[in-house]
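Take a look at this one; I'll ask things after.
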Amino acid sequence: EASGVRLDPESLSVLRRSVVMTSWYWAKKATLLDLGEAWGRPTVDARSLCVKEIAAQVGRYVRWPVGADFEAACREFSTLISRNSDQRVGFQRCVGAGDGTVCKIRRPAAYTADGGTEHNSYKKYYAIQIFGVCLVNLTFTFVHCGMPGSYADNTILKKSDLYRRINDYIPEGCGTHLLGDSGMELFTWMMIPFSQRAYNTLDAIRKRLVTVYDSALTEERTYTHRAGVGRSQGSLPDI
């Protein structure tokens with residue numbers, strides 16, 4: 001459809017199967033042999049997948065909001081209402097919420113000098129790190145992946161294009177920011193929860209204000225969690 005080409009039902013079925021097989025192949029970190037056994041297709045090879053075709057579309061779907069889209073993203077965050085009450089929890093001039101996660105992989109001894117130990121994550125398995133920023137509608141606007149699983153979120157953020165060119169993403173002085181977690185560093189463009197040490201130095205009134213702030217920030221950041229979950233590990237899709 002996007003290319004203006006209309007496929008016949010049989011070709012469309014083959015294309016759909018190829019897309020689903022490729023997604024399953026990535027999600028499971030499977031081998032081509034695993035893929036063939038799962039789908040009952042012993043002759044599966046790289047040509048049966050559409051890795052290059054999907055990778056070529058990433059820039060089309062993972063895009064940083066600009067212009068009117070940038071302002072719309074800020075408005076969506078500012079009008080959020082708590083799911084547990086009728087209170088507004090939205091932050092003004094927030095353009096996205098960022099978070100990191102780990103993606104499990106096999107031990108990468110074949111291509112690392114240290115036998116893959118730096119890929120051993122806090123989850124106690126080998127992994128690569130993925131850092132992403134998403135909107136209220138769960139659309140990803142930035143993704144940085146491939147860092148070893150042992151790296152901290154803040155280290156990954158500082159090695160990303162988002163950090164190196166932050167003024168291209170969030171113009172300096174525009175008063176706009178991202179929401180992060182306690183594993184990240186505080187910047188003029190990144191709001192994070194109060195540290196326990198800072199909280200302990202406050203009086204009772206300020207502690208109540210900080211509690212409200214932290215609760216609102218945590219609730220807004222649940223959008224990154226919702227955007228990163230939902231991948232089925234059960235039965236194969238019906239294709």
Check: What's the shortest heavy-atom distance between Gly180 and Met190, and which atoms?
Finding: N-SD, 3.4 Å

Check: Does some side-chain heavy atom of Arg93 sit less than 4.5 Å from a side-chain heavy atom of Glu71?
Finding: yes

Next item on the list: Please report the closest heavy-atom contact between Thr176 and Cys74, naming both atoms and the distance.
Entry: CG2-SG, 4.0 Å

Check: Which value, rounded to the nearest 0.5 Å, describes the distance between Asp153 atom CG and Ile130 atom CD1?
Finding: 12.0 Å

Next item on the list: Among residues two or more places apart or on two chains, list those pairs meeting side chain to side chain donor-acceptor pair (under 3.5 Å) that have a residue in residues 182-195.
Entry: Asn154-Glu185, Lys158-Glu185

Check: In this structure, are over 12 heavy atoms from other groups packed under 6.0 Å from Arg165 atom CZ?
Finding: yes

Next item on the list: Each residue besides Val102 in its hydrophobic cluster should be listed here, by chain and number; the cluster joins Ile, Leu, Val, Met, Phe, Trp and Tyr at side-chain heavy-atom distances under 4.5 Å.
Entry: Tyr122, Tyr125

Margin query: Before you tell me yes or no, could you show the steps for Ile166 and Glu172 under side chain to side chain contact (heavy atoms under 4.5 Å, CB included), namely the whole-Å CA-CA distance, both residues' side-chain angles and the distance that decides it to 0.1 Å?
Written below: CA-CA 8 Å; Ile166 186 59; Glu172 188 174 4; over 6 Å; no

Check: Where do Tyr163 and Leu157 come nearest, in terms of heavy atoms and distance?
Finding: CB-O, 3.0 Å

Margin query: Show, in sequence, the C-alpha distance, side-chain angles and deciding distance for Leu178 and Phe187, and conclude whether the side chain to side chain contact (heavy atoms under 4.5 Å, CB included) test is met.
Written below: CA-CA 9 Å; Leu178 298 171; Phe187 300 103; over 6 Å; no

Item checked: Value rounded to 0.5 Å, distance of NE2 in His177 from CZ in Phe77 -> 9.0 Å

Next item on the list: Please say whether more than 12 non-hydrogen atoms of neighbouring residues, nucleotides or ligands are located less than 6.0 Å from CZ in Arg206.
Entry: no

Margin query: Can you tell me if Lys123 has over 12 outside heavy atoms packed within less than 6.0 Å of its NZ?
Written below: no

Next item on the list: Say whether Leu186 and Phe131 are linked into one hydrophobic cluster, either directly or through other cluster members, by side-chain heavy-atom distances under 4.5 angstrom.
Entry: yes

Next item on the list: Using ring-ring contact (aromatic ring centres under 6.0 Å, His included) as the criterion, list what pairs up with Tyr199, not counting sequence neighbours.
Entry: none

Margin query: Please enumerate all residues that pass side-chain hydrogen bond (donor to acceptor under 3.5 Å, both in side chains) together with Gln196, with sequence neighbours excluded.
Written below: Asn200

Checklist line | Crowding at CD1, Ile205 (>12 non-hydrogen neighbours, <6.0 Å) | finding: no

Check: So do Asp181 and Met184 actually touch side chain to side chain, heavy atoms under 4.5 Å?
Finding: yes

Notebook entry, point to check: Does Leu202 share a hydrophobic cluster with Leu217, counting links as ILVMFWY side-chain heavy atoms below 4.5 Å and allowing steps through other members?
Noted result: yes

Notebook entry, point to check: What about the rings of Tyr213 and Phe91, do their centers lie closer together than 6.0 Å?
Noted result: yes

Check: Okay, side chain of Thr139, backbone of Leu135: is any donor-acceptor separation there less than 3.5 Å?
Finding: no

Item checked: Heavy-atom check, side chain of Ile170 versus side chain of Trp64, under 4.5 Å -> yes

Could you list the donor-acceptor pairs under 3.5 angstrom formed by side chains in residues 141-152, with sequence neighbours left out?
from   : atom 1 : to     : atom 2 : distance (Å)
Thr141 : OG1    : Val133 : O      : 3.4
Ser150 : OG     : Glu118 : O      : 2.4

Checklist line | For Arg164, all residues meeting side-chain contact (heavy atoms from CB on, under 4.5 Å), sequence neighbours excluded | finding: Asp161

Next item on the list: Might you point out which heavy atoms bring Thr201 and Arg197 nearest each other, and give the distance in Å?
Entry: CG2-O, 3.4 Å

